[in-house]
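Structure record follows, encoded as structure tokens.
Atoms within a ligand are numbered from 1 in the order they appear, just like the ligands themselves. FYI, side chains are in, hydrogens and waters are out, and symmetry mates aren't considered; it's all heavy atoms of this structure. Predicted model only: the values in this text are computed from it and were never measured.
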Amino acid sequence: MLKNKNIVLGVSGGIAVYKACALTSKLVQKGANVKVIMTNSAQEFVQPITFQALSRQPVYTDTFDEKDPSKIAHIDLADWADLFLIAPATANVLGKIANGIADDMLTTTLLATQAPVYVAPAMNVHMYQHPAVQRNLQLLDSFGYKFIEPGEGYLACGYVGKGRLEEPETIVKVLEDEEKEIPSYFNGKKVLVTAGPTQEAVDPVRYFTNHSSGKMGYAIARIAASLGAEVTLIAGKTNLDCPPNVKCISITTAEEMYQAVHEHYPNSDIVIKSAAVADYKPKMVFDRKMKKKEGSLHIEMERTKDILKSLGEQKQGQYLVGFAAETNDAVTYGKEKLKKKHLDAIVVNDVSQEGVGFQSSTNQVTFISKNGLEESLPMLSKDETAKQIFALIEKDIKGVHE
Ligand code: PMT
């Protein structure tokens, strides 16, 4: 149940940090991907390198340690999480998160996450019983956070009572029970996704292409697989790795994409075409490198096949989703494409906007279905955009419009 789950483990500073090390190891053994955030106090007990070795992931300790300029680390980590666990959660951290204080990597990431949050408190029995701590726990309960209550017994401070961090095995068991997957709507569905650019050769060394990085389509394929779908991803040339549990097929030209997509189309339930396919290709491809000449060069271009339109015309029960990359009047043009290509839905992005469409790690899209479901999503990571697209597809197929 925890296999392939992305777990952010927040570790705050108490003697029970040593148990968080064992917990990390047990979660990793269950197949979870674990990224650890340590507070400064936690680092007084154990060095980050311990968690790094156990999780095989970098450990986050500083909000301002931004290693990748294309991302904001705490937002990226918050979006990555399927589940957020704080263990041990000290009285201090409980107080901060109950009151919305975000003054370090752990608390800022927690505020930014939309993943379910689990809190495993650990402290001295009298601290745990203090009305301030109990009030903070109630507040956190009202936020929908779930608790893994501390156990009773001998405490490191010498007292016997409630306050001991629950044993790592028990914490893992609680998470497994709580996170038991209710099979998603997409479980077992055959989802065909296209991604990336096509390349249309002029000669052996030159080609026409576009700015697509493949990030949007790969995110769609990754999320579809995480929802239990059987995913085939047909992609042009990108620098991205094939997502886990996805069958990846690599193509170069629009014609190759046409062939590959049509081969898989009859056996697909849902098709999402986020690839940026060339609309034109050189009419003639030279088999030797063209030599430079004086004056300008004219290359005659001809239309490629419109793959999406052909799919719309040959639909046999598939739910067909197109993308529209526009730079003006995006929704109007998107609606035209929805009709013209006989789609069930279209995802429109205005690629003239900063952080939208090509290359970026974020996107801002409007989902429009032929049944009248229309929803503009906020600027989100591409993974989160993909999650929302699947939620909207499910809503549209089930016909539940608000
Ligand atoms: O890859 P990224 O860097 O993450 O960028 C994401 C993206 C901008 C590529 C993606 O969000 C997107 O908008 N994809 C569609 C790009 C596009 O080609 O849009 P279009 O409006 O030109 O085409 C409309 C639809 O027809 C698309 O679904 C496209 O796949 C399809 N099409 C277009 C031409 C063609 N010959 N055959 C097609 O199937």
Side-chain angles (χ1 to χ4, degrees), residues 70-71 192-200 208-223 233-240 243 251-262 264-265 268 270-281 301-315 318-368 377 379-386 388-389:
S70 71
K71 294 174 181 165
L192 178 61
V193 183
T194 70
T198 63
Q199 293 176 357
E200 309 302 333
F208 287 92
T209 191
N210 58 63
H211 293 298
S212 175
S213 64
K215 286 182 191 167
M216 188 66 247
Y218 275 65
I220 292 170
R222 186 166 40 251
I223 297 303
L233 172 64
I234 298 173
K237 299 270 180 269
T238 72
N239 292 324
L240 305 174
I251 57 88
T252 305
T253 64
E255 179 59 31
E256 286 170 12
M257 182 171 278
Y258 179 92
Q259 297 301 339
V261 166
H262 275 278
H264 290 83
Y265 190 46
S268 302
I270 296 166
V271 179
I272 307 180
K273 282 218 75 256
S274 66
V277 185
D279 289 318
Y280 293 90
K281 61 178 180 179
M301 305 287 279
E302 65 181 5
R303 286 292 305 267
T304 55
K305 291 178 189 152
D306 189 327
I307 309 168
L308 187 58
K309 190 156 175 272
S310 67
L311 298 179
E313 285 159 0
Q314 297 171 29
K315 208 148 39 108
Q318 295 92 340
Y319 186 90
L320 182 58
V321 184
F323 263 69
E326 306 292 347
T327 52
N328 56 288
D329 303 314
V331 168
T332 310
Y333 286 132
K335 282 183 177 167
E336 276 174 18
K337 284 181 182 164
L338 174 74
K339 265 203 182 143
K340 209 167 106 194
K341 302 196 185 200
H342 309 288
L343 309 179
D344 293 288
I346 193 145
V347 179
V348 182
N349 39 196
D350 181 344
V351 295
S352 66
Q353 303 295 313
E354 178 87 28
V356 176
F358 295 106
Q359 303 277 334
S360 60
S361 300
T362 52
N363 209 356
Q364 195 282 307
V365 303
T366 302
F367 179 94
I368 307 165
L377 301 176
M379 181 80 85
L380 296 168
S381 69
K382 283 186 172 161
D383 271 6
E384 192 52 41
T385 302
Q388 300 287 338
I389 289 172

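For the pair Q364 (side chain) and N349 (backbone), a donor-acceptor distance under 3.5 Å is absent.
Shortest non-hydrogen contact noted between A278 and E200 is CB-CG, 3.5 Å. For T198 against T209, the heavy-atom pair with the smallest separation is O-OG1, 2.9 Å.
Residues that satisfy the ring pair (Phe, Tyr, Trp, His ring centres under 6.0 Å) test with Y258, not counting sequence neighbours, are H262. By the salt bridge (charged side-chain N to carboxylate O under 4.0 Å, His left out) test, D306 pairs with K341, sequence neighbours left out. Every residue two or more places apart in sequence or in another chain that forms a side chain to side chain contact (heavy atoms under 4.5 Å, CB included) with M301 is listed here: F208, Y280, P282, I299.
In this structure, ligand 1 sits under 4.0 Å from heavy atoms belonging to S212, S213, G214, K215, M216, K273, S274, A275, A276, V277, A278, D279, T304, K305, D306, I307, L308, G322, F323, A324, A325, K337, K341, N349, G357, F358, Q359, N363, K382.
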